[in-house]
Amino acid sequence: MCVASRYVGEEKRALAGVLSIRGAQDEEPPDPQLMRLDNMLLAEGVSGPEKGGGASAVAAAAAAAVGGTGNDNSVEHSDYRAKLTQIRQIYHTELEKYEQACNEFTTHVMNLLREQSRTRPISPKEIERMVSIIHRKFSSIQMQLKQSTCEAVMILRSRFLDARRKRRNFNKQATEILNEYFYSHLSNPYPSEEAKEELAKKCSITVSQVSNWFGNKRIRYKKNIGKFQEEANMYAARTAVNATSASAQGSQANSPSTPNSAGESPRSLY
DNA sequence: TACGATGATTGTAT
DNA sequence: ATACAATCATCGTA
């Protein structure tokens, strides 16, 4: 339970994203801002045709963002689509409501003006001005609706696109390979691009996942070396065994209590 | 269910 | 552009 509360931070992020779009052009030009909102709503399939073409596009993007794991997320897709259609329906009904209210209000004002025209002269220019004022007011309200709809879509998107939600631990073999590289290059645990590609291939993960792994590993190892001492010793011993079995000589007893001694140029991590 | 481990993202400094 | 640091969101386990 309390699942909703855990999403608050993420919603704040999504909201911040939307607000930053608004803030980017805060300089009182209503048209580009409105255009952006309209474009986004159209791209997300909210304001477009009733069929959810945009939804499937976003779902495909989400699937692509998750990466090579070609899992069947049809459940989540339908969940996403359901929520998007819900947003779309709310958006359309609200928009229609505003449209109708605008029309009613203008006719009401027109009637008032017509009534007043019996007691005082009213120029057509004045009427025109009134109408345009009313329309401006209502279009600003519509813009708010579009804004909040965009926010809702952004939140929905972030919920489905955020790869942190789909996190899966790497399999044992992959972490073995990564750890082996890390501890055998402890003096300089910064694999080159080629090395990363090699590791990625061996572990069946992407290069950026390798980069993430090394980034996390470096910082967490540095954070407290004591916690990783055992692991370090284990991998150091393993590589030592491999080396001796490969060369079949060198009878020195090696139990490196300090894994840092393995490298030539220490201190690169500190 | 609480908590540590872990992969991913975000923000900042270089 | 890359690394680091902090943080998020989930997983695995006691």
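Everything numeric here is computed off the predicted structure, so don't read it as measured data. Here is how names work: the chains are called A, B, and so on, in the same order as the sequence lines, proteins then strands, and each is numbered from 1. All values below come from the heavy atoms of this structure, side chains included, with hydrogens, waters and symmetry mates left out.
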- Task: Check the pair Glu99(A) / Gln142(A) against side-chain contact (heavy atoms from CB on, under 4.5 Å), numbers first and verdict last.
- Result: CA-CA 9 Å; Glu99(A) 201 87 40; Gln142(A) 277 191 5; 3.5 Å; yes
- Query: Salt-bridged, Arg220(A) to Glu231(A), with N to O below 4.0 Å?
  - Reply: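 Glu231(A) and Arg220(A): not salt-bridged.
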- So, are Lys97(A) and Glu94(A) salt-bridged, with charged N and O less than 4.0 Å apart?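 Salt bridge: yes.
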To the nearest Å, give me how far apart [atom1] ([X]) and [atom2] ([N]) are.
X         : N      : atom1 : atom2 : answer
Tyr221(A) : dC4(C) : OH    : P     : 14 Å
Asn212(A) : dA8(B) : CG    : C1'   : 6 Å
Phe214(A) : dA3(C) : CZ    : C1'   : 14 Å
Arg218(A) : dA5(C) : CZ    : P     : 10 Å
Glu193(A) : dA1(C) : CD    : C1'   : 11 Å

- Return the set of residues passing ring-ring contact (aromatic ring centres under 6.0 Å, His included) with Tyr91(A) (not counting sequence neighbours), or none when no residue passes.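 Partners of Tyr91(A) by the ring-ring contact (aromatic ring centres under 6.0 Å, His included) criterion come out as none, since no residue qualifies.
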For [N], does either OP1 or OP2 sit under 4.0 Å from a side-chain N or O belonging to [X]?
X         : N       : value
Lys222(A) : dA3(C)  : no
Arg168(A) : dT10(C) : no
Gln209(A) : dA8(B)  : yes

- Where the side chain of Ala163(A) is defined as all heavy atoms beyond and including C-beta, which of dT10(C), dA8(B), dA5(C) is the nearest nucleotide?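 Given the options dT10(C), dA8(B), dA5(C), the side chain of Ala163(A) is closest to dA8(B).
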- Message: Can you tell me which nucleotide in dA8(B), dC11(C), dC4(C) comes closest to the side chain of Tyr190(A)?
- Response: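 Between dA8(B), dC11(C), dC4(C), the one nearest the side chain of Tyr190(A) would be dC4(C).
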- Can you find a heavy atom in the side chain of His185(A) that is under 4.5 Å from one in the side chain of Pro191(A)? no
- Query: If each of Ser211(A) and Lys223(A) is mapped to the nucleotide of DNA chain C with the nearest heavy atom, which maps nearer the 5' terminus, i.e. the 5' end?
  - Reply: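 Final value for this comparison: Ser211(A).
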- Along DNA chain C (nearest heavy atom to each residue), the more 5'-positioned of Pro191(A) and Asn216(A):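 So the residue in question is Pro191(A).
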Using a cut-off of under 3.5 Å, enumerate the N/O to N/O pairs linking the protein to nucleotides 2-6 of chain B.
{"residue": "dT6(B)", "atom": "O2", "partner": "Arg167(A)", "partner atom": "NE", "Å": "3.1"}
{"residue": "dT6(B)", "atom": "O2", "partner": "Arg167(A)", "partner atom": "NH1", "Å": "3.3"}
{"residue": "dT6(B)", "atom": "O2", "partner": "Arg167(A)", "partner atom": "NH2", "Å": "3.0"}

- Task: Check whether the side chain of Asp162(A) and the base of dA9(C) form a donor-acceptor pair under 3.5 Å.
- Result: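 By the distance-only test, no, there is no pair.
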- Which of parallel (below 30°), tilted (30 to 60°) and perpendicular (above 60°) describes Phe228(A) and Tyr221(A)?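 Ring orientation of Phe228(A) relative to Tyr221(A): tilted.
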- Message: Less than 6.0 angstrom separating the ring centers of Tyr235(A) and Phe182(A), yes or no?
- Response: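 No, too far apart.
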